[in-house]
Amino acid sequence: MGPGVDAALVRAGCLLHDIGVYRLAPVDAYIRHGLLGHEVLAELGFPEPLARFCSHHTGVGLTRDDVRRQDLPLPLGDYVAETAEERLVMYADKFHSKSTPPHFVSAAAYTAAVARFGDGKAAAFKAMVAEYGEPDLAPLAAEYGHRIV
Ligand SMILES: [Fe+2]
């Protein structure tokens, strides 16, 4: 994880970042789960650095321009991972999907998927792969019985 990275904070972020999914109404766009999760944790009195894992983990980061250009159902703002811990949680999140059935996602597959939101998104993800390396998903796929896409 690199020097100075708070492993306990990363672990907490991994456990909490999708908690907003439980607050999604049937009519809500899935992309709102990050903001809803931030609200849940804030209401419960969790500190801002924990709540931010929810609102700052989507894709490779949502900018104000993304919100405007894609007409996303979010308040106009930047939702980009900033701290080392936020960036790690955001990055790790890209390698697994909760879709039915749940599956692991290779770097190549995620790169192809995120490219539909713009070449800059694919480039940003590729830069993170170069920075952090690609995780070996095979042992996880075997352990959890999820295929790798
Ligand atoms: Fe999420």
Side-chain angles (χ1 to χ4, degrees), residues 1-25 28-67 70 72-111 113-115 117-118 120-146 148-149:
M1 289 195 299
V5 176
D6 184 337
L9 187 55
V10 171
R11 180 176 165 78
C14 288
L15 292 169
L16 292 168
H17 74 279
D18 269 343
I19 198 167
V21 171
Y22 298 104
R23 190 173 272 189
L24 277 173
D28 276 334
Y30 186 77
I31 200 165
R32 288 188 45 77
H33 77 279
L35 204 60
L36 293 171
H38 191 122
E39 290 171 8
V40 167
L41 294 186
E43 287 167 15
L44 292 171
F46 280 62
E48 179 74 3
L50 286 173
R52 279 182 53 94
F53 283 113
C54 301
S55 52
H56 292 71
H57 79 274
T58 303
V60 291
L62 298 172
T63 65
R64 175 178 298 268
D65 188 50
D66 292 328
V67 174
Q70 298 173 45
L72 300 176
L74 298 170
L76 197 58
D78 289 307
Y79 306 93
V80 177
E82 292 174 1
T83 67
E85 290 82 2
E86 288 172 359
R87 295 185 75 240
L88 273 168
V89 171
M90 181 195 76
Y91 181 64
D93 184 48
K94 306 296 92 90
F95 294 95
H96 188 263
S97 169
K98 295 183 297 300
S99 61
T100 306
H103 58 270
F104 289 97
V105 181
S106 69
Y110 188 79
T111 303
V114 79
F117 299 110
K121 299 300 183 187
F125 183 68
K126 285 180 182 176
M128 295 191 84
V129 173
E131 180 180 352
Y132 294 114
E134 184 171 359
D136 181 5
L137 300 173
L140 294 168
E143 183 176 348
Y144 292 98
H146 297 176
I148 301 172
V149 172

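Numbering of residues begins at 1 and proceeds along the displayed sequence.
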Inset, instruction - For the residue pair L16 and F46, establish whether any side-chain heavy-atom pair is separated by less than 4.5 Å. - result: yes
Legend entry - Any donor-acceptor N/O pair, E85 side chain to L9 backbone, under 3.5 Å: no
Inset, instruction - Could you go through the side chain to side chain contact (heavy atoms under 4.5 Å, CB included) check for M128 and M90 one step at a time? - result: CA-CA 10 Å; M128 295 191 84; M90 181 195 76; 3.2 Å; yes
Inset, instruction - Rounded to the nearest 0.5 Å, what's the gap from NE2 on H38 to CD on E43? Could you check? - result: 10.5 Å
Legend entry - Non-hydrogen atoms of C54 and L41 that approach each other most closely: SG-CD1, 3.7 Å
Inset, instruction - Determine, using ring centers only, whether H33 and H57 are less than 6.0 Å apart. - result: yes
Legend entry - Whether over 12 other heavy atoms sit under 6.0 Å from R11 CZ: no
Inset, instruction - Say whether, by atom type as modelled, one donor and one acceptor occur between the side chain of K121 and the main chain of L62 under 3.5 angstrom. - result: no
Inset, instruction - Using modelled atom types only, decide if a donor and an acceptor are shared between the side chain of E86 and the backbone of E82 within a distance under 3.5 Å. - result: yes
Inset, instruction - With the side chain counted from C-beta on, respond yes when L35 and Y79 share a heavy-atom pair under 4.5 Å apart, and no when they do not. - result: yes
Legend entry - Spacing of NE2 belonging to H103 relative to CG belonging to L137, to within rounding of 0.5 Å: 11.0 Å
Inset, instruction - For residues L36 and D28, determine if any side-chain heavy atom of one lies less than 4.5 Å from a side-chain heavy atom of the other. - result: yes
Legend entry - For the student: nearest non-hydrogen atoms of V67 and P75, plus distance: CG1-O, 4.2 Å
Legend entry - CG on L140 to NE2 on H96, rounded to 0.5 Å: 9.0 Å
Legend entry - Value rounded to 0.5 Å, distance of OG1 in T63 from CG in L76: 9.5 Å
Inset, instruction - Identify the heavy atoms of A107 and T111 that sit nearest to each other, and give their distance. - result: O-OG1, 2.7 Å
Inset, instruction - Mark yes when over 12 heavy atoms from residues, nucleotides or ligands other than Y22 sit less than 6.0 Å from its OH; otherwise mark no. - result: no
Inset, instruction - Taking all non-hydrogen atoms of both residues into account, name the closest pair between R64 and D78 and its distance. - result: N-OD1, 2.6 Å
Inset, instruction - Specify the closest pair of heavy atoms between C14 and V89, including all atoms of both residues, with the distance to one decimal. - result: N-CG2, 3.9 Å
Legend entry - H56 side chain to F53 backbone, donor-acceptor under 3.5 Å: no
Legend entry - L88 and Y132, any side-chain heavy atoms less than 4.5 Å apart: yes
Inset, instruction - Taking all heavy atoms of A141 and all of I148, pick out the closest pair and write down the distance. - result: CB-CG1, 3.7 Å
Inset, instruction - Could you walk me through whether S106 and E134 pass side chain to side chain contact (heavy atoms under 4.5 Å, CB included), step by step? - result: CA-CA 8 Å; S106 69; E134 184 171 359; 4.1 Å; yes
Legend entry - Reported CD1-to-CG distance for the pair I31 and L24, which is rounded to 0.5 angstrom: 11.0 Å
Inset, instruction - Could you tell me how the ring of H146 sits relative to the ring of Y144: parallel (under 30°), tilted (30 to 60°) or perpendicular (over 60°)? - result: tilted
Inset, instruction - For the residue pair K98 and D18, establish whether any side-chain heavy-atom pair is separated by less than 4.5 Å. - result: yes
